[in-house]
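These numbers come from the heavy atoms of this one structure, side chains and all, not from hydrogens, waters or symmetry mates. Position 1 is the first residue of the sequence; numbering continues from there. It should be emphasised that the depicted structure is a prediction, and the values quoted were computed from it without experimental measurement.
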Amino acid sequence: MKKEFDADRLDVSAFAQAGGRLEAREPLRAFERLQAEAVASDLPAEVQWHAQGEWRADSGGTATPWLHVQAEAAVPLTCQRGVQPMAATLEADRWFRFVANEETAALEDEDAEEDVLVSSKSFALRELIEDELLMEMPVAPRHEVCPEAVPMSVQDADFDAAEAERPKPFAALAQLKKKPNAED
């Protein structure tokens, strides 16, 4: 009998012992925080992920649960150069080692190449996937080459017309200087 695992309440140890594998292709809206970063667009927006559990023994022979997570997301963002929607591809590929408690995780995480997390019987795998993808978000997303020419002007015709209609205070002063002094 094959055991079913739930990505929202994952028993990490049982998943690793079983060599479990979970995978899904889900709409971006299933990941609330990632969706909040996206802009409204007709561009495709989805997250594809998979997770593989395994037991590994350390040099002392103690076996611990490990989790390999890979995720890819197409997220519509705004190009900072052309100010047009663009599909940003976010990719995460990480290994996680699980330990018994927070203290151990904090101590071992500093020296480990992999991320060290606390094992749980109700681990939120989808939240971990979302966290990893959020960390991959570009600070200033932009197209390699913008599909439309980028306007290089900082003013438009309406702005120039409004500026021309505005009174010029120094022009009025210049007129006062030109008038002959009546007291002379």
Side-chain angles (χ1 to χ4, degrees), residues 1-80 85-144:
M1 182 176 133
K2 185 177 178 184
K3 182 169 176 149
E4 293 292 320
F5 294 102
D6 180 359
D8 293 318
R9 298 181 51 82
L10 184 65
D11 181 340
V12 174
S13 293
F15 186 70
Q17 282 180 331
R21 181 176 174 88
L22 286 172
E23 58 187 316
R25 180 179 293 254
E26 301 175 288
L28 187 64
R29 68 180 174 274
F31 298 85
E32 190 176 301
R33 294 174 294 144
L34 200 53
Q35 174 70 41
E37 296 294 327
V39 296
S41 171
D42 293 335
L43 297 171
E46 67 179 14
V47 176
Q48 182 176 348
W49 61 268
H50 78 270
Q52 177 77 41
E54 64 182 65
W55 276 95
R56 287 189 193 171
D58 62 16
S59 58
T62 305
T64 56
W66 284 70
L67 184 65
H68 184 216
V69 174
Q70 293 176 301
E72 184 175 308
V75 181
L77 301 174
T78 301
C79 172
Q80 298 300 300
M86 63 173 281
T89 301
L90 311 178
E91 295 177 345
D93 186 350
R94 305 257 195 296
W95 279 96
F96 300 92
R97 181 169 49 95
F98 289 84
V99 295
N101 56 51
E102 286 287 341
E103 295 79 29
T104 305
L107 285 172
E108 293 183 15
D109 195 38
E110 291 180 23
D111 297 327
E113 288 184 28
E114 73 281 356
D115 289 318
V116 181
L117 301 174
V118 178
S119 187
S120 169
K121 291 192 181 292
S122 60
F123 185 74
L125 177 58
R126 273 194 184 89
E127 284 184 26
L128 175 66
I129 291 166
E130 187 173 30
D131 289 343
E132 294 302 314
L133 290 171
L134 283 167
M135 287 190 288
E136 297 300 320
M137 293 281 290
V139 174
R142 31 182 202 271
H143 292 103
E144 284 294 319

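If you take CD on Gln52 and CZ on Arg21, they are separated by 5.5 Å, rounding to the nearest 0.5 Å. Taking CZ from Phe15 and CG from Leu125, the interatomic distance works out to 7.0 Å, rounded to the nearest 0.5 Å. Atom CE in Met86 sits 6.5 Å away from atom CG in Leu77 (nearest 0.5 Å). Taking NE2 from His50 and CZ from Arg25, the interatomic distance works out to 13.0 Å, rounded to the nearest 0.5 Å. To the nearest 0.5 Å, the span separating CH2 on Trp66 from CD on Glu54 amounts to 8.0 Å.
Within 6.0 Å of the CZ atom in Arg29, the count of heavy atoms belonging to other residues, nucleotides or ligands does not exceed 12. For Glu91, the CD atom is densely surrounded, since the number of other residues' heavy atoms within 6.0 Å is greater than 12. In this structure, Asp42 places its CG atom where only 12 or fewer heavy-atom neighbours from other residues, nucleotides or ligands lie under 6.0 Å away.
Counting heavy atoms from C-beta outward, Gln80 and Pro141 have side chains that approach closer than 4.5 Å. A heavy-atom distance below 4.5 Å is found between the side chains of Pro138 and Leu90. Using a 4.5 Å cut-off on side-chain heavy atoms (C-beta onward), Glu46 and Pro27 make no contact. You'll find the side chain of Ser119 reaches within 4.5 Å of the side chain of Ser13, heavy atoms only.
Here the shortest heavy-atom pairing between Val116 and Ala105 reads CG1-CA, 3.8 Å. Taking each heavy atom of Leu10 and Phe5 in turn, the nearest pair found is CD1-CB, 3.7 Å.
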Which pairs would a plain distance check flag for residues 129-136, meaning a side-chain donor or acceptor within less than 3.5 Å of a matching protein atom at least two apart in sequence or in another chain?
residue, atom, partner, partner atom, Å
Glu130, OE1, Arg33, NE, 3.3
Glu130, OE1, Arg33, NH2, 3.1
Glu130, OE2, Glu32, N, 3.3
Glu130, OE2, Arg33, N, 2.7
Glu130, OE2, Leu34, N, 2.9
Asp131, OD1, Arg33, NH1, 2.7
Asp131, OD1, Arg33, NH2, 2.8
Glu132, OE1, Arg94, NE, 2.7
Glu136, OE2, Arg94, NH2, 2.7

Quick one: do Leu117 and Leu67 satisfy side-chain contact (heavy atoms from CB on, under 4.5 Å)? Show the steps, please.
CA-CA 10 Å; Leu117 301 174; Leu67 184 65; over 6 Å; no

For Val99 and Leu107, run side-chain contact (heavy atoms from CB on, under 4.5 Å): C-alpha distance rounded to whole Å, both residues' side-chain angles, the deciding distance at 0.1 Å, then the answer.
CA-CA 11 Å; Val99 295; Leu107 285 172; over 6 Å; no

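Every residue meeting the side-chain contact (heavy atoms from CB on, under 4.5 Å) condition with Ala24, not counting sequence neighbours, appears here in chain and number order: Glu26, Trp49.
Applying the side chain to side chain donor-acceptor pair (under 3.5 Å) test to residues at least two apart or on different chains, the pairs with a partner in residues 109-118 are Arg97-Glu114.
Using cut-offs of 30° and 60° on the angle between ring planes, the pair Trp95 and His68 is parallel.
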